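These notes concern the structure reproduced below.
Residue numbers begin at 1 in each chain, while the letters A, B, ... track the order of the sequences. For the numbers below, each heavy atom of this structure counts, side chains included, while hydrogens, waters and symmetry mates do not. Predicted, not measured: the structure shown is a model, and the values here were computed from it.
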Amino acid sequence: MEIKNEVLERLESKGVNRRDFIKYTTLVTSVLGLAPSMVPRVAQAMTAKERPTVIWLHFAECTGCSEALLRTTYPWIDEVVLEVLNVAYHETIMAPSGEAAEKSLHDAMAKYKGKYILFCEGAVPTKDNGIYGKVGGRTMLEIAKAATKDALATVCVGNCACSGGVQAAKPNPTQAMSVEKATGVKTININGCPPNPINMIATVVHYLLLGKLPAVDKVGRPLFAYGSTIHDKCPRRSHYENKEYVKKFGDEGAMKGWCLAEVGCKGPDTYNNCSLIKFNDGTNWPIGAGHPCIGCSEPGFWDEKAPFYEAL
Amino acid sequence: MAKYTIDPITRIEGHLRIDVEIEGGKVKDAWSSAQLFRGLELILKGRDPRDAPHITQRACGVCTEVHALASIRALDDAVGVKIPPLARIARNLVHAAQYIHDHPTHFYALHALDWVDVVSALKADPKKTAALADGLGSYPKSGAADFKAVQDRVKAFVDSGQLGPFANGYWGHPDYRLPPEANLLAVAHYLEWLRLQVKAARMMALFGGKNPHIQTYVTGGVSCVQDLVNVDRLAEYLYYLKEMQAFIDNVYIPDLLAVASFYKDWGAKNIGGCTNFLAYGNFPQESAKYGAENMWLPGAVIMKRDIAKPMEVDPSKITEEVKRAWYEDGAPLNPAKGETKPIKPDYNYDGKYSWFKAPRYDGQPMEVGPLAQVLAAYAKGHKPTAALVGAVLKHLDVPAAALFSTLGRTAARAIETKVIADQAAAWVTEIVGLVKGGDTKTCAEWSWPDKGMGMGLIDVPRGALGHWVNQAKDKIENYQLVVPSTWNLGPRDAKGQVGPVEEALIGTPVADPARPLEIIRTVHSFDPCIACGVHVIDPKTNEVRKFKVL
């Protein structure tokens, strides 16, 4: 593979390590299912002279998705902020508060009207016109409607923004709902609680590279990440085929790493690439820690996949 | 007298609004208001209790893991199970990883920009920064060339004209007191920690399955047996731990001391200080008991800053008040019958103004969090804590009374990080001993009682966290959380007593109300987590008195 020298030089002048960058673009390219010949184009997409502007909004959520993004290593989060993107508004990391923070939002929305990529983390409370969630005096419902209207694309990160999440579980006291449902604007949904940061980055790269959003399933999830079930690619699959099950936590089967179906694993009904890429740079994943999948990338999983410790 | 609203408060978890009245260059009065209601406790009702750790963990993704831990302890308590030693220590290791991740992340990613002027770092002489670093600690990447590279990188970023999250910061504010070379040092370490925190998170994932939001705590123990009996996993934990300790000892603590040395007056004048402190204690040493007396880090109640008289925590003295919160009124001790209902959130300085309730201990507002935890351990003679507190006070040449301040709170966070990181290796050794001796039991048998009540009280990075569950067979009848940020950022109570952050803000100097740097500094020192703190409870279970410590 060849990445244009000028791209690498520009990166190095910004303090980005050449080897890390090649490793990262290669990984993203493969997660996206693109041919290795696309690596140089991925690299170029990530190093445009003017960095693409991102506005990241928080609604009803726990900030776990932002934390997940902080764990990215291809590129690292400091590179995302300083060299790859122009993160014009993100409440968890931005320097100013109050009016000065509001100014950052309004400036970015005006200057990059129709050009910014909007990331939404959190569901939108809609009961009583959305009075259960406010930022800077405006309801999240108002903010969501205004920000999605002028966005180039709206990317929902996490189960809350994609499908309402935990606050939308029965009885849904605030009538919280997905950004798409609350605003009527079509969104791309990086589902999960939280999603893997690799899937967030890969979606952005796809957009920058090909100029269009990746192909999605019927609930808006990119097929490159959510095209098959956890169960399809599970390393414990052979134990399932052999009918070797964990019956109770801490039993012989648990010690041997057998199938978790009987203690409630939702892997067969859950579309995600956890079993392939795992979490925290491949350190582990829930099934690796002997715990059943709770189906967190499925819409409505808090109700539909519960109770979590009962077999499907 | 002018009132100012700061909304949103950024660099926190969740949606917080702070209002202040300023007179003569100082905060005269303050109001803390949570701006989001989610209703998790209503959602928990009627569900399988075993699902509660997953649901409550979603209270917060910054303080991930901690609600799962409080919840699983409440469930263990409700069903009366004694977890095996291996499970207890595994939970300690995962919880320690949360501290080691969370506290430095708060200091560098969320709090540093209240002390550090990024723009000023561009004016620094990297050679002077290297000399400064050399005098503070021994850490690689501290040569003049390293700091020059960081400065060049920041300069390229600023020159791009796209300032991203650093746009509209309070750069050049008169209360940024660090010289350019110290600012450059701090910026370099901010970037360094952003990389290292990824590894700290891996420490949690080794036994927790992933981070954020672990999946390993199960009623009666933990599920990660394969990871615990795998020596390679234990070694990996130690490997990351060593890297974290090198950073904590040579960067985090020295940075804290360096910053503090420019703000000693904030300690001397007790700017940002509170009066009463509550800590439940942390890291159980025996599987059967969760009481304060069984914790490796002791808990205590300290009233009126009297660290000579730490008192034992009595959970029966905890109440929550709603007089100034957006819920239907009810007395704290004798709540009205029927459901507590959220009401229309009309902001009223003299009436109701927050989704937070006001927790009280013996009728008093209490600060919780690292300062309370460190004060409790110090007051009770916990040796590693006492030694470190003594060393920090001596280095800064300030009396213990200086701890009652924004600065003390920020220092306590660093002290606590080191104390816990220095202990974690001993727990790994304990696991090795158990596994070597053939004790690989990770889960104990249990069954549902017809009716049970359980309580999980622990300290977590943001302070004292309590979960209470009432269960009938496999259904939750009631579930209640009283969380750190509700203690710290809750509103006034029926008697008009202000909450801790409001108390801390009163008297804070404000050089320029349009750029309220000093106010944000004190608010951030509490490490607010707003999503955690907003909840609604059934008044019928508001009688915390009826629970006893095991």
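- When B/Leu206, B/Leu191, B/Ile18, B/Thr64 are compared by the number of non-hydrogen pairs under 4.5 Å with chain A, B/Leu206 comes out ahead.
- Annotation: side chain of A/Glu83 is in contact with side chain of B/Arg153 (closest heavy-atom distance under 4.5 Å).
- Of all the heavy atoms in A/Ala254 and B/Gln226, the pair that sits closest is O-CG, 3.6 Å.
- Contact annotation for A/Ser104: both backbone and side-chain heavy atoms come within less than 4.5 Å of a heavy atom of chain B.
- Contact annotation for B/Thr216: both backbone and side-chain heavy atoms come within less than 4.5 Å of a heavy atom of chain A.
- Within the structure, salt bridge (charged side-chain N to carboxylate O under 4.0 Å, His left out) pairs that include any residue of residues 155-164 of chain B comprise B/Lys155-B/Asp159 (at least two apart or interchain).
- Across all non-hydrogen atoms, the minimal contact from B/Gln197 to A/Arg71 is OE1-NH1, 2.9 Å.
- For the pair B/Phe37 and A/Lys127, the minimum side-chain heavy-atom distance is 4.5 Å or more.
- Side-chain atoms of B/Ile43 and A/Lys170, non-hydrogen and from C-beta on, never get closer than 4.5 Å to each other.
- In this structure, no portion of B/Val118 lies under 4.5 Å from any heavy atom of chain A.
- The parts of A/Phe308 that come within reach of chain B are both its backbone and its side chain, each placing non-hydrogen atoms under 4.5 angstrom from that chain.
- Between the side chain of A/Thr174 and the backbone N or O of B/Arg38, no donor-acceptor pair lies under 3.5 Å.
- Taking the charged nitrogens against the carboxylate oxygens, A/Asp303 and B/Arg47 do have a contact shorter than 4.0 Å, which makes a salt bridge.
- For the residue pair A/Ser97 and B/Arg11, no side-chain donor N or O sits within less than 3.5 Å of a side-chain acceptor on the partner.
- Here A/His58 is the residue among A/Lys278, A/Glu99, A/His58 with the most heavy-atom pairs under 4.5 Å with chain B.
- When all heavy atoms of B/Thr10 and A/Ala95 are compared, the pair lying nearest together is OG1-O, 4.2 Å.
- Interface summary for chain B: among A/Thr72, A/Ile93, A/Ile77, the most heavy-atom pairs under 4.5 angstrom belong to A/Ile93.
- For the atom pair A/Asn86 CG and B/Phe157 CZ, the distance stands at 7.0 Å (nearest 0.5 Å).
- Contacts of A/Phe119 classified as ring pair (Phe, Tyr, Trp, His ring centres under 6.0 Å), with partners at least two apart in sequence or in another chain: A/Trp56.
- Note that CZ of B/Arg195 and CG of A/Leu70 are 13.0 Å apart. Values are rounded to the nearest 0.5 Å.
- A 4.5 Å side-chain heavy-atom check between A/Asp78 and B/Trp193 finds every atom pair outside the cut-off.
- A distance of 14.0 Å separates OH of A/Tyr132 from CD of B/Gln35, quoted to the nearest 0.5 Å.
- Taken to the nearest 0.5 Å, the OG1 atom of A/Thr92 stands 9.0 Å off from the CD1 atom of B/Ile12.
- Neither the backbone nor the side chain of A/Asp128 comes within less than 4.5 Å of any heavy atom of chain B.
- Of the listed residues (A/Met94, A/His291, A/Glu310), the one with the most heavy-atom contacts under 4.5 Å to chain B is A/His291.
- Only the side chain of A/Asp107 comes within contact range of chain B, with at least one heavy atom under 4.5 Å from a heavy atom of that chain.
- Contact of B/Asp227 with chain A is made through the side chain alone, with heavy-atom distances under 4.5 Å.
- Taking every heavy atom of both residues into account, A/Gly64 and B/Pro212 meet most closely at O-CG, 3.4 Å.
- Residue B/Leu110 touches chain A through its side chain alone, counting heavy-atom pairs closer than 4.5 Å.
- With respect to chain B, the highest number of heavy-atom pairs below 4.5 Å among A/Ala60, A/Gly165, A/Pro125, A/Pro96 belongs to A/Pro96.
- No hydrogens or angles considered: a donor-acceptor pair under 3.5 Å links the side chains of B/Glu13 and A/Thr63.
- For B/His173, no part lies under 4.5 angstrom from a heavy atom of chain A.
- A/Val81 places a side-chain heavy atom less than 4.5 Å from the side chain of B/Phe166.
- Residues B/His213 and A/Cys62 form a side-chain contact, since some pair of their non-hydrogen atoms from C-beta on lies under 4.5 Å apart.
- Here the SG atom belonging to B/Cys63 is positioned 9.0 Å from the CD atom belonging to A/Glu67, to the nearest 0.5 angstrom.
- The choice from A/Gly250, A/Ala101, A/Pro194, A/Gly288 that makes the most heavy-atom pairs within less than 4.5 Å of chain B is A/Pro194.
- Of the two parts of B/Arg515, neither the backbone nor the side chain holds a non-hydrogen atom closer than 4.5 Å to a non-hydrogen atom of chain A.
- For chain A, no part of B/Gln57 is nearby; none of its heavy atoms comes within less than 4.5 Å.
- For chain B, the nearby parts of A/Cys193 are the backbone and the side chain; heavy atoms of each come within less than 4.5 Å.
- For the residue pair A/Gln167 / B/Arg58, no side-chain donor-acceptor distance below 3.5 Å is found, with atom types taken as modelled.
- Between A/Glu50 and B/Ser160 there is no side-chain heavy-atom pair separated by less than 4.5 Å.
- The existence of a salt bridge linking A/Lys134 and B/Asp7 is excluded, since no basic side-chain nitrogen approaches an acidic carboxylate oxygen closer than 4.0 Å.
- Comparing A/Gly136, A/Ala100, A/Ala88 by how many heavy-atom pairs each has under 4.5 Å with chain B, the most go to A/Gly136.
- Neither the backbone nor the side chain of A/Ser66 comes within contact range of chain B; no heavy atoms are under 4.5 Å apart.
- Interatomic distance, OH of A/Tyr309 versus OG of B/Ser223, reported as 7.5 Å (0.5 Å rounding).
- Neither the backbone nor the side chain of B/Leu228 comes within less than 4.5 Å of any heavy atom of chain A.
- Remark: the backbone N or O of B/Lys210 is not paired with any side-chain donor or acceptor of A/Asn284 at under 3.5 angstrom.
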>> If you apply the rule salt bridge (charged side-chain N to carboxylate O under 4.0 Å, His left out), what do you find for A/Asp281 with B/Arg202, and how did you get there?
In response: CA-CA 8 Å; A/Asp281 317 299; B/Arg202 287 184 204 152; 2.7 Å; yes

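- Heavy atoms of B/Tyr170 lying under 4.5 Å from chain A belong exclusively to its side chain.
- Remark: side-chain polar atoms of B/His15 are paired, donor with acceptor, to backbone N or O of A/Phe59 under 3.5 angstrom.
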